[in-house]
Amino acid sequence: MRTNHISLTDDDPNYIGPEKCSDYYGELTARTVPNAFGGRNPLAVCGYTPEQLRFAYGVTQSHYRGKGVTVAVVDAYASPTMLADANHYAMNHDERLLSPSQYREVTPPAYHHLTDGECETPANWAVEEALDVEAVHAMAPQANIVYVAAASCDDTDLMAALQTVVDDHLATVVSDSWGGIPHSTYGDEDPATMAGYSALFQRGGQQGISFLFSTGDCGAEDPAAQCASGSARPQTEYPAQDPWVTAVGGTSLAIGPWDQYVGEVGWGDRRSSLAPNGTAWAPSAGTGQWRFGGGGGTSEDVPQPSYQAGVVPQALATTLLNGKPATRPMRTLPDVAMDADPMTGFLTGVTQKLPNGTVGYAESTIGGTSLATPLFAGVMADAEQAAGHPFGFLNPALYGLAATGAFHDVTPTSLGADSPRPGTPPATVVDLGLDGKGARQARLYQLGDDGLLTAGTGYDDVTGLGSPSKSYLRSWK
């Protein structure tokens with residue numbers, strides 16, 4: 001299993017953040033690089049703060065903060081500085097600190113696959129852990145958080161961590177920002193493993209536990225995409241495709257100067273780089289390399305659950321990602337979506353290796369469905385407070401809210417007034433400043449293109465039912 005987070009500076013390890021960025025969507029425009037799509041484009045967001053995200057998604061207005069609800073975060077390994085990092089971050093942003101009684105960790109006696117290359121490094125998982133814990137706390141500042149560490153990224157170890165959550169009933173909402181592909185170039189995932197996960201989710205759901213999983217950061221896992229290394233064919237991730245979990249996809253979110261919701265498009269980014277002469281983009285705007293996007297699509301492994309019937313378009317449910325017809329309707333992802341684009345990502349604080357080689361606390365912008373999932377987990381903690389009881393298996397209730405106004409219907413044109421020019425795709429610029437030779441480094445990202453997946457009116461395979469609207473939390477009262 002792998003994490004599903006992406007930093008704003010993507011594959012530029014010498015940069016922890018851009019030279020210039022916007023505090024809100026569209027605040028600053030890129031003036032030192034070539035125009036694209038008919039004009040100047042906004043600089044990428046520096047990273048939204050908890051206050052911005054709470055207000056944009058209606059949490060502030062609801063007055064619910066997750067009081068009395070416990071959220072479990074499950075990842076591999078454990079950061080020794082997690083609580084200190086979370087509280088350092090909270091102090092920097094005038095947020096409520098996590099009290100000793102509000103946060104605890106459950107860890108295994110030993111860790112596996114630390115140096116054999118089987119898993120991403122503990123340091124990489126530590127960034128994931130910080131993102132998850134801080135994002136949950138951002139959306140539900142009064143919720144309790146229990147971090148449950150798996151001994152490694154191996155299915156057996158992650159399943160054991162989830163088993164602990166269920167056996168000890170540690171929480172009523174579980175945030176999982178990791179996943180894998182069931183059909184790789186090395187072979188197919190063991191059906192018994194996927195069945196084992198599914199049985200665990202079903203049992204937990206019946207005991208009042210809601211499981212949320214990220215859908216991945218590589219769209220339809222098309223082998224032609226750089227991010228889909230090892231994928232045998234276009235496909236959906238698991239455990240997100242399991243019918244007993246809530247699959248969380250991604251959007252690009254525009255928040256305005258007063259923290260107001262401006263709009264969203266489905267997350268999917270094409271990238272061009274500033275040419276060496278500094279006068280053009282390469283490849284040219286509109287033909288950039290597809291880099292990443294929210295996972296989704298029609299599963300080839302899981303039949304359509306009853307809660308999706310009548311909501312998911314029949315043509316979508318019966319057309320596999322390879323373009324071939326399915327013999328029956330199949331499970332389609334995601335179920336819901338929230339902000340995931342690193343261009344509109346979340347400012348996250350973690351102790352990490354810095355560009356100068358030292359280790360210290362720093363904040364940087366992170367996205368991915370690894371962000372969307374803990375954001376939604378926090379919102380669901382608020383929803384449980386509103387309802388006065390846990391929901392358990394969540395999806396039937398979510399699909400019951402379709403077309404009620406509880407969700408923003410995210411379409412290709414729903415970014416709002418801040419999309420700079422009608423008829424052109426939204427785009428943003430990451431200005432990395434000057435490199436060691438004095439040459440400016442910058443990236444142009446075209447937003448709203450998720451490859452084989454398409455956002456549209458109603459349910460779609462990029463954003464599912466949509467993202468929580470201001471009326472979402474009121475709908476659970």
Side-chain angles (χ1 to χ4, degrees), residues 4 179-189 191 194 213-243 247-251 265-271 283 286-337 340 369 399 409-413 425 446-466:
N4 281 319
I181 50 174
H183 308 287
S184 77
T185 53
Y186 309 102
D188 294 342
E189 180 58 57
M194 292 194 287
F213 271 87
S214 58
T215 58
D217 299 341
C218 194
E221 299 287 348
D222 185 353
Q226 183 183 35
C227 56
S229 175
S231 179
R233 52 187 177 271
Q235 59 188 295
T236 55
E237 280 200 2
Y238 86 100
Q241 68 177 6
D242 192 274
V248 186
T251 69
V265 292
W267 172 40
D269 297 341
R270 289 188 175 276
R271 190 185 79 174
T287 63
Q289 179 191 38
W290 192 86
R291 294 293 295 173
F292 29 58
T298 304
S299 170
E300 65 180 87
D301 308 298
V302 181
Q304 183 182 74
S306 59
Y307 53 80
Q308 288 197 315
V311 178
V312 176
Q314 185 74 0
L316 183 59
T318 56
T319 305
L320 301 179
L321 285 167
N322 61 10
K324 295 181 180 180
T327 57
R328 55 180 173 174
M330 303 297 285
R331 166 86 159 116
T332 309
L333 307 184
D335 298 308
V336 295
T369 54
Y399 281 82
D409 189 7
V410 181
T411 72
T413 59
Q446 174 189 338
L447 312 183
D449 180 351
D450 203 8
L452 298 179
L453 309 178
T454 305
T457 302
Y459 179 94
D460 62 65
D461 59 6
V462 180
T463 65
L465 297 166

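Just the heavy atoms: all of them, side chains too, but no hydrogens, waters or symmetry mates, feed the values below.
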Between Lys324 and Glu300, is a salt bridge (Lys or Arg N to Asp or Glu O under 4.0 Å) present by the stated rule, with each step listed?
CA-CA 10 Å; Lys324 295 181 180 180; Glu300 65 180 87; over 6 Å; no
Taking the side chain as every heavy atom from C-beta outward, state whether Ser299 and Thr236 have any pair of such atoms under 4.5 Å apart.
yes
Any donor-acceptor pair under 3.5 Å from Asp409 side chain to Thr457 backbone
no
Any chance you could measure Cys218, atom SG, to Gln235, atom CD, to the nearest 0.5 Å?
10.0 Å
For Ala240 and Ser214, work out which heavy atoms get closest and say how close.
CB-O, 3.4 Å
Might you point out which heavy atoms bring Arg331 and Pro243 nearest each other, and give the distance in Å?
NE-CA, 3.8 Å
Can you check whether His183 reaches Glu189 side chain to side chain, under 4.5 Å on heavy atoms?
no
Side chains of Thr298 and Met330, heavy atoms from C-beta outward: is any pair under 4.5 Å?
yes
Asp217-Thr369 side chain donor-acceptor pair, cut-off 3.5 Å
yes
Can you pull the ring-ring contact (aromatic ring centres under 6.0 Å, His included) pairs that have at least one residue in residues 297-337, sequence neighbours excluded?
Tyr307-Phe393, Tyr307-Tyr399
If I take atom CG from residue Leu453 and atom CG from residue Leu321, how far apart are they, to the nearest 0.5 angstrom?
6.5 Å
Ser231 side chain to Asp222 main-chain N or O, any donor-acceptor pair under 3.5 Å?
no
Between the side chain of Thr319 and the main-chain N/O of Ala315, is any donor-acceptor distance below 3.5 Å?
yes
Test item: Trp290 and Cys227 side chains (from C-beta on) under 4.5 Å apart, heavy atoms
yes
Would you mind reporting whether Pro313 and Tyr459 have side-chain heavy atoms less than 4.5 Å apart?
yes
Less than 4.0 Å between a side-chain N and a carboxylate O, is that true for Asp449 and Arg270?
yes
Run the side-chain contact (heavy atoms from CB on, under 4.5 Å) check on Gln289 and Gln226 step by step: do they pass?
CA-CA 9 Å; Gln289 179 191 38; Gln226 183 183 35; 3.8 Å; yes
With rounding to the nearest 0.5 angstrom, report the CZ to CG distance, Arg291 to Asp269.
10.0 Å
For a quick check under 3.5 Å, do Thr318 and Gln314 share a side-chain donor-acceptor pair by atom type?
no
Search all heavy atoms of Gln446 against all heavy atoms of Gly286 and return the closest pair with its distance.
OE1-CA, 3.4 Å
Looking at Gly249 and Pro334, what are the two nearest heavy atoms and their distance?
N-CB, 3.5 Å
If you take all heavy atoms of Val410 and Asp460, which pair is closest and at what distance?
O-OD2, 3.5 Å
Distance-only polar pair, side chains of Gln241 and Asp301, donor-acceptor under 3.5 Å
yes
How long is the span from the CG atom in Asp461 to the CG atom in Asp450, to the nearest 0.5 Å?
8.0 Å
For residues Pro223 and Pro234, determine if any side-chain heavy atom of one lies less than 4.5 Å from a side-chain heavy atom of the other.
yes
Please examine the side chains of Thr463 and Val265, heavy atoms only from C-beta on, and report whether any two atoms are closer than 4.5 Å.
no
Closest non-hydrogen atoms of Met194 and Pro182, given as atom of the first, atom of the second and distance, are SD-CB, 4.1 Å
Under 4.5 Å between any side-chain heavy atoms of Tyr238 and Phe213, yes or no?
no
